[in-house]
Amino acid sequence: MKTITHWIDGKPYERASERSGDVFNPATGEVQAKVAFASPSVVDEAVESAARASVSWRNASIAKRTRILFAFRELVEKHKPEIAKLLTLEHGKVTGDALGEVSRGLEVIEFACGIADLAKGEYSENVSTEVDTYSIRQPLGVVAGITPFNFPAMVPMWMYPLAIACGNTFVLKPSERDPSAANFCAQLFADAGLPPGVLSVVHGDKTAVDRLLEHPKIAAISFVGSTPIAQYIYETGTRHGKRVQALGGAKNHMIVLPDADMELAADAAVSAAYGSAGERCMAISMIVAVGAAADKLVPLMKERIGKLKVGDGLEPTSEMGPLVNKAHLDKVRGYVDKGVAEGATLVSDGRTLKVGNRPNGFFLGPCLFDHVQPNMTIYKDEIFGPVLGVTRAATYDEAIALINRNPYANGVAIFTNDGGAARKFQHEVEVGMVGINVPIPVPMAYYSFGGWKASLFGDHHIYGRDGVHFYTRTKAITSRWPDPRHRGVDLGFPQNR
Ligand code: NAD
């Protein structure tokens, strides 16, 4: 059986690993490869390689770094179908969705190609007589990224292109459930001319992550994953003196006001809830239907759900693929059982789905609950599967109060034809990313991505200008080039003249 190994110092790591994990094809249920799990000493090798590479990479000209990024951009564009296929084979998402993932990652690479402008400092002449002050942005050194299973290509691309463009070297620890895309992209970056050690990939689990968190040569950690792990990463990383941004889980609500276009809202809700089998941090998992909206909306959603085609992501007719593995399938099914037991109305039951030619795949059909109450487990927990709930609110005020009470605050959406209501909502809602008649408001690469509250630990969002600030530190320089007159000794505190 194939073993997926680390990528260290610009090449595949050759020594065998003592520990490894299974990589499944979620559509067939079969183990298709083993992935090596890095020990602390393997992580150390990757960090040492990154530290060595950092000495010259931080001094590489902006022109050189930019040219390599442009070449990488071309290679990712060219190899999009191969990357997408790796995503489908290991994650399960359908081909169109996988291609979309690569495109959104590519946008961050394109943003990073503009590093010449993004990393400019500032200059003030004559802050005092013949004294100038200016600031420069310098890389941090070696930084690490730890990423989740649900976007194995895009989420790492939220991090390493920009970190590397800023002059850092990067050690990536991708999800052990779908590790191949990270290696493939590291190879493409090397082909684009990236020197060995500037980007390394170590695979593994908590053992590898813990070594990264405590390693003295790592200056900063970017993390994306579930909330409990994000909190652990933030607390442990900062305790070891590192700069940390840790993006966590989500429970994204979509308010539908009674004046909304219900056909549009039903299309948006079904697309945003069941795309990628609900395994998106920006998936809509709760509809808050205000007033008369629910009675119109629920039948329209049920009708659309009935037509969704679930199957192997490689088949062109499939619109929704399987869940990532058996453990996750069982967990999500368990939530559906619990929702029924707690008294919510199961309008569409995906538990009965059979995919004829893939009997052992990790499939669950789309599930829709109505009459979900805020005290139910299916309201409170992040389910991260194809399970959408509808809860009813009498008024807009009741709806927004419910959202603002929720501990998660990643994304939110409102559907309405009332501009005033939408404007009031964008002002009042306590969530990091807001959609107005847009169900999945993932910001473009030149705006930063990040939630509030339990959806992000740290004070920088990811990519965009926040990303440049996270991956650099500012140095302010005050200089005097005086005329030849010597002013003599003056022990007074410097004052501006
Ligand atoms: P996860 O938290 O289980 O794993 C994320 C990473 O942390 C993986 O690389 C994993 O190996 C590592 N990890 C897991 N357990 C660990 C532990 N005990 N100690 C140290 N490291 C550990 O998340 P996941 O299941 O891979 O991904 C799904 C989650 O990610 C969902 O909660 C989803 O909302 C979230 N997510 C958030 C965003 C965002 O932008 N906020 C984006 C994508 C996914």
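Order of listing sets the numbers, starting from 1, for every ligand and every atom in it. All values below come from the heavy atoms of this structure, side chains included, with hydrogens, waters and symmetry mates left out. We number each residue from 1, following the sequence as shown.
- Contact annotation: for E279 versus ligand 1, there are no heavy atoms closer than 4.0 Å.
- Between R73 and E77 a salt bridge is recorded (basic side-chain N to carboxylate O distance below 4.0 Å).
- In summary, the side chains of T3 and T5 do not present any donor paired with an acceptor at a separation below 3.5 Å, with no hydrogens or angles considered.
- A salt bridge (charged side-chain N to carboxylate O under 4.0 Å, His left out) check over residues 82-100, counting only residues at least two apart or in different chains, returns the pairs K93-E101, D97-R280.
- With a heavy-atom cut-off of 4.0 Å, N410 touches ligand 1 through its side chain alone.
- At under 3.5 Å, a nitrogen or oxygen of K173, whether backbone or side chain, sits near a nitrogen or oxygen of ligand 1.
- At the shortest separation from atom 42 (C) of ligand 1 among protein heavy atoms lies C281 SG, 3.0 Å.
- Taking each of P174, S226, G204 in turn, the one with a heavy atom nearest to atom 1 (P) of ligand 1 proves to be S226.
- Here the heavy atom of the protein found nearest to atom 20 (C) of ligand 1 is V209 CG1, 3.5 Å.
- Evaluated by nearest non-hydrogen atom to atom 33 (C) of ligand 1, the leading choice among F449, F384, W158 is F384.
- Taking 4.0 Å as the cut-off, G248 counts as a neighbour of ligand 1 on heavy-atom distance.
- Protein heavy atoms come within 4.0 Å of atom 36 (N) of ligand 1.
- Of the heavy atoms in L456, none comes closer than 4.0 Å to ligand 1.
- Using a 4.0 Å cut-off between charged nitrogen and carboxylate oxygen, R392 and D370 count as a salt-bridge pair.
- Each of H6, H203, E45 was compared with Y13 under the side-chain hydrogen bond (donor to acceptor under 3.5 Å, both in side chains) criterion, and only E45 meets it.
- Taking a cut-off of under 4.0 Å to the non-hydrogen atoms of E176, the atoms of ligand 1 that pass are 10 (C), 11 (O).
- Scanning the protein heavy atoms around atom 8 (C) of ligand 1, the nearest turns out to be T147 O, 3.2 Å.
- Atoms of ligand 1 found under 4.0 Å from any heavy atom of G249, numbered from 1 in the order shown, are 32 (O), 34 (O).
- For R177, the heavy-atom gap to ligand 1 drops under 4.0 angstrom.
- For atom 26 (O) of ligand 1, the closest non-hydrogen atom of the protein is F149 N, 3.0 Å.
- Annotation: atom 34 (O) of ligand 1 to nearest protein heavy atom, E382 OE2, 2.6 Å.
- From the protein, the heavy atom lying nearest to atom 43 (C) of ligand 1 is N150 OD1, 3.3 Å.
- Looking at K173 and E176, a side-chain N of the basic residue comes within less than 4.0 Å of a carboxylate O on the acidic one, giving a salt bridge.
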Dump the intermediate steps for ring-ring contact (aromatic ring centres under 6.0 Å, His included) on F24 and H328, then the final yes or no. CA-CA 12 Å; F24 289 91; H328 192 53; over 10 Å; no
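- Ring geometry for F384 versus F149: interplanar angle over 60°, hence perpendicular rather than tilted (30 to 60°).
- Of all atoms in ligand 1, listed by their number and element, those nearer than 4.0 Å to a heavy atom of I146 are 6 (C), 7 (O), 9 (O).
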Report the C-alpha distance between S318 and V310 in whole Å, list the side-chain angles of each, state the deciding distance to 0.1 Å, and finish with yes or no for side chain to side chain contact (heavy atoms under 4.5 Å, CB included). CA-CA 5 Å; S318 300; V310 183; over 6 Å; no
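- Protein heavy atom closest to atom 16 (C) of ligand 1, with residue, atom name and distance, is I229 CD1, 3.7 Å.
- In this structure, V76 and I109 have side chains that are in contact, with non-hydrogen atoms separated by less than 4.5 Å.
- With a 4.0 Å cut-off on non-hydrogen atoms, M282 does not touch ligand 1 at all.
- Under the 3.5 Å distance criterion, with hydrogens and angles disregarded, a donor-acceptor pair is assigned to the side chains of D191 and Q187.
- R333 and Y335 form no side-chain donor-acceptor contact under 3.5 Å, judged by distance and modelled atom types alone.
- Scanning all protein heavy atoms for the shortest distance to atom 19 (N) of ligand 1 gives K206 CG, 3.4 Å.
- Relative ring orientation between H79 and F184 is described as perpendicular, the plane-to-plane angle rising above 60° on a 0-90° scale split at 30° and 60°.
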